[in-house]
Amino acid sequence: MGGRSVLLTSNLPQLQNLIKRDPASYKDEFLQQWNHYNSIRLIFHLNPDEHAQHFRELVAFIAQVATCYPKETAKFPSQISTILLESYGLLSPDTRKALISTMVLLRNKNVITSIELLRTLFPLLPRTTSSSLRSNIRKTILSDIRTANIRTKNHKLNRAIQAMLFGMVENGLEDVSNFGNKGKQKEVGTGTHFGSSDKTAGRGEDAMWAVILTKELWRKGIWDDVKPVSIVAIGCLHPVLKVQSASIHFFLGDDDEKEDSDQEDEEETDVRALHHRREINKKSRSGDKKLQKKLNAAKKKKHGKSEISRSNTNFPALQLLNDPQTFAEKLFTILDRYDKRFTLDHKILIMQLLARVISAHTLFVMPFYSYVQKWLAPKQLRVPSILVALAQSVHALIPPQTLKPVVLKLANEFVHPGVGSEVVAAGINAVTEICRRQPLVMGPRDNDDDDPMKRQKERNQKNAETDDGAQNHALDAMKAVHPEKGKAEINGLGEVEVDGKRLGDKDVDLRPLLNDLIDYRKSKDKTVIAASRGLLHLYRETHPEFLKKRERGKEASLNMKNAVARNLSFGHSASAAADIEGLSLLESHFKQLREEEEEASAESGEDDDEAGWEGWDAESDSDSDSNSEDGWQDVSSDSDGDIELSDSEVEVENGENKDKDKRKRKETERQERRRDKKEKKEKQRAKEEALKNGQELIEEADNSEVDEHEYEVSENDEEKMSVDEEEKEEQERKFGQDISTLAITKILTPADFKLLSDLRIQAAQKSIEAGGGNRAKRKLAALEAERKTQHPADDLSASFISENDILGPRKKAKADYAERMASIQKGREGREKFGSRKGKKTKDAPSSSTNKEKARNKPIMMILSSGSVRGKKKASLREKQQKLRAHIEKGKKARK
């Protein structure tokens, strides 16, 4: 027995094999090794380098047989975890790898749970210096989480892991002195989390790995809810620069950090090899099923990769942001407060994310537009990206007064003769994209009663009426002596003395600027012409009243009579929404489906219904006979018809009285409208006469550049645009009848709304086929664009602006000398140097072809016409005998 124990003690693999076969018989030997492990572990705490090899062997042995003695090894996983977390920096690389492999082995044997393993591995990631070990830990974490969520979501595990990741990201978040730190700072604040040291916390190692793991789990589709998005959103506010950059790239969807991405992607499946293996191997049904399963998986993986590569923006993550308004405000505060600490590329990253969040959630971050103004210059580096961020941040709820200074700055900096055509095109395209989202930017001043400019204008008019004209005489004298100074004084009258402050250029009339930009369509450069025409077409469709009469076009002028929202200021609407547009199409579609189902069910169940109703006629006859026998008789109610007739007569009389009252009211309303029109015309004539006489000098100075006559509607157009009240009532009555009740009887799902958009597009296509004209085509284009924005899963990049939209179409520039030489060198790659290699490829030593090789490849006609062949043909019999004799003699000599 003693010899056996000594033998087993020295040979741990043999003892491991025997214990797995019969644990009860070898319990004493295991306890002996367990006590030996405890004693070495105590020594290992004091000196990790002593007995390190033997300690690793004992740990591997106990991990293999831990399932055989669960009570004795209950504290073993916690002991290994404590050694890793507390003494990780003192361990040798081999010991670290062995202990981590032990923890993974215990998890595979279900000795410990996934949470216990991950609580040990997560803090080790930022502290590991070995790239191979770090990659191994990351793959273990990701594979364990993926296995736990492969069939159903393991919410308990996910919540625990997400709590750890939240703690790792929030570690060092409040250290404001770290803002702009690139992860190389040595001295940091206090506070540790999950075994991380102060050093790693200050450099953002914990937060960086939390963001990397969250991004990988999101990319693989393991996590797709709000929690991972919130983790990365906190990372966007982290003071360390690399953490913030990685988090922002997650939302923008253009992450180029390939060194941090998981490299465990499986190799592409070879479909031809699978088919070939199937032909060779034994045929069976199970083999066919396995082959089909692999082919389906390969096809799905291929299409999934193409969809991922096509999409450019992480749109679902942007939509899942929790409290996006607060997030946007905090992000802008960081951008504005620590502006000097960030590089230009990082500032643009923050601006792009902020713009996309504002656009996706229609947020209000008004200081952002004043912040961007300082970057609007043609010589600014990466100015197209800044223009993209500016245009992307605009939506229909932004007040036009906030955007007017930005548009003026764009026009003054980018659109003037002193810059190149590309700069002018970029400026006009940027203005077009802003106006596409908020067309009222180019409109006149706001006509609200609370407008301080309007109140100041009225106050100046009163002063002009009561004053004795001294100010006018002074101004005239100033203009005569100093024309430029007098003009400046006049232009400043409308901007001073509003609550003691000078008004800016927020509320100005930009219609002259709009027409100036449209005049650039007469330029010689094609990119400028295309940009200017795009702006013109936009306002012809949306607000033709902002254009001059000659710029509106025939179709836009005709469409103005149907424009209900014409001349409405910001925040006003023509009427409240009474119905979802196109909902009647959806209701008719559902009705048609129900009718088809009823017809199908009627055809299938017609015979069953006839068999079921047999005998019911006889029973009804017997019942009627029994009722008559009991004395019951049916009496017709003739009086009911008289009552109904009398009621109808009263209703007719009441209806006639109501019609008379309506006619009287309509006549009075028409008279009032005519009276108002006459008064307006008289006022307009009085203003024109006053302007001619020079009595309203202040009004001319306040808005000297705008001629309202160019933007007015003529009397003929007003008569065309005025709709009779009776026609309006008939339209409203028809509209009330056409309102669908589907929205109040059924809860519409996103699939229903998608079907609704498809039905509207089909209806627009039918109207085009029926001869709807350009108007129907524009409606179809608008519906298709709306579907792209509402359903970004079909085309994620359609809802965001790119730099190509700002720069516009550009012709390819002529290549310079360096580019041409680079193209030539690229074409020579993988090709022999120069000349032909014929005759040299098959030889050891390089040489040209011999005369025999050349003669062998000679054309037959050249051989027939050669001197040697012709000489043989003309040779005499004597010459032939001599040649034959010489050949025989030569052969004899060669044999000797």
Side-chain angles (χ1 to χ4, degrees), residues 1-85 87-88 90-121 124 128 130 132-133 135-148 150 264:
M1 186 69 182
R4 190 188 76 165
S5 62
V6 173
L7 180 63
L8 293 177
T9 303
S10 60
N11 193 354
L12 290 178
Q14 183 182 3
L15 178 60
Q16 172 185 324
N17 186 21
L18 294 173
I19 288 175
K20 288 182 178 179
R21 292 184 178 183
D22 190 4
S25 301
Y26 293 92
K27 187 174 182 179
D28 295 335
E29 285 79 358
F30 171 74
L31 292 176
Q32 182 181 359
Q33 296 297 330
W34 177 255
N35 294 330
H36 187 44
Y37 155 76
N38 286 327
S39 61
I40 292 182
R41 181 172 57 83
L42 296 176
I43 299 172
F44 189 79
H45 277 293
L46 299 175
N47 187 6
D49 295 332
E50 190 175 355
H51 305 294
Q53 178 65 26
H54 190 48
F55 179 72
R56 291 195 294 268
E57 293 176 357
L58 282 173
V59 167
F61 166 73
I62 295 172
Q64 289 287 347
V65 299
T67 54
C68 300
Y69 307 103
K71 292 183 179 179
E72 288 77 3
T73 59
K75 297 181 179 179
F76 177 71
S78 61
Q79 293 171 356
I80 301 298
S81 178
T82 304
I83 293 173
L84 281 172
L85 294 177
S87 306
Y88 187 81
L90 303 176
L91 302 177
S92 63
D94 294 336
T95 306
R96 295 173 186 172
K97 187 175 181 180
L99 295 181
I100 291 172
S101 302
T102 301
M103 294 297 295
V104 175
L105 180 61
L106 293 174
R107 172 67 192 103
N108 294 336
K109 291 180 175 292
N110 290 326
V111 177
I112 58 175
T113 60
S114 295
I115 297 176
E116 294 176 358
L117 174 65
L118 296 176
R119 284 185 184 277
T120 305
L121 295 183
L124 301 182
T128 303
S130 173
S132 60
L133 184 59
S135 176
N136 190 17
I137 293 172
R138 184 176 60 187
K139 288 180 181 179
T140 303
I141 292 172
L142 295 175
S143 63
D144 191 71
I145 298 173
R146 180 171 55 187
T147 305
I150 194 168
E264 63 170 349

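As the structure is a prediction and not an experimental result, all values here were calculated from the model.
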Side-chain donor-acceptor pairs under 3.5 Å in residues 63-71, sequence neighbours left out?
| residue | atom | partner | partner atom | Å |
| --- | --- | --- | --- | --- |
| Q64 | OE1 | K20 | NZ | 3.2 |
| Y69 | OH | P23 | O | 2.5 |

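A donor-acceptor contact under 3.5 angstrom links the side chains of S92 and T95, judged on distance only. A side-chain donor from one of S132 and S130 sits under 3.5 Å from a side-chain acceptor of the other.
For the atom pair OG1 of T82 and CD of Q79, the computed distance is 7.5 Å after rounding to the nearest 0.5 Å. Rounded to the nearest 0.5 angstrom, R119 CZ and L85 CG are separated by 11.0 Å. How far CG of L106 is from CD1 of I80: 8.0 Å, rounded to the nearest 0.5 Å. I115 contributes atom CD1, which lies 10.0 Å from atom CG of D144 (distance to the nearest 0.5 angstrom). The CG atom of N38 sits 9.5 Å away from atom NZ of K75, with the distance rounded to the nearest 0.5 Å. Put simply, NE2 on H54 and CD1 on I43 are 10.0 Å apart, with the number rounded to the nearest 0.5 Å.
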- Message: What verdict does the side chain to side chain contact (heavy atoms under 4.5 Å, CB included) test give for F44 and L91, after you've listed the backbone C-alpha separation in whole Å, the side-chain angles of each residue and the deciding distance to 0.1 Å?
- Response: CA-CA 10 Å; F44 189 79; L91 302 177; 3.4 Å; yes
- Query: Given Y37 and F76, is the ring pair (Phe, Tyr, Trp, His ring centres under 6.0 Å) satisfied, shown in steps?
  - Reply: CA-CA 10 Å; Y37 155 76; F76 177 71; 5.6 Å; yes
- Message: Between L105 and S101, does the side chain to side chain contact (heavy atoms under 4.5 Å, CB included) criterion hold? Intermediate values first, please.
- Response: CA-CA 6 Å; L105 180 61; S101 302; over 6 Å; no
- Just do the side chain to side chain contact (heavy atoms under 4.5 Å, CB included) check on D22 and L18 with the steps written out, would you? CA-CA 6 Å; D22 190 4; L18 294 173; over 6 Å; no
- Query: So I83 and H45, side chain to side chain contact (heavy atoms under 4.5 Å, CB included) or not? Walk me through it.
  - Reply: CA-CA 8 Å; I83 293 173; H45 277 293; 3.9 Å; yes
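Results of the side chain to side chain contact (heavy atoms under 4.5 Å, CB included) test with P77 over T120, I112, T102 single out I112 as the only residue that passes. With respect to R107, the side chain to side chain contact (heavy atoms under 4.5 Å, CB included) criterion is satisfied by exactly one of L121, L117, L118, T140: L117.
Cation-pi geometry between R41 and F55 is not satisfied (NZ or CZ under 6.0 Å from the ring centre, within 45° of the ring normal).
Closest of all the heavy-atom pairs between W34 and E72 is CZ2-O, 3.3 Å.
Within the 4.5 Å cutoff, no side-chain heavy atoms of Q33 are placed close to those of I62. Two residues are said to be in side-chain contact when any heavy atoms from C-beta on lie closer than 4.5 Å; L15 and F61 meet this criterion. Residues I145 and S143 are not in side-chain contact: their nearest non-hydrogen atoms beyond the backbone lie 4.5 Å or more apart. Here the side chains of T73 and V111 are not in contact, with every heavy-atom distance at 4.5 Å or above.
Among residue pairs with one or both ends in residues 54-69, none qualify as salt bridge (Lys or Arg N to Asp or Glu O under 4.0 Å); sequence neighbours excluded.
Residues satisfying the salt bridge (Lys or Arg N to Asp or Glu O under 4.0 Å) criterion with E116, sequence neighbours excluded, are absent altogether.
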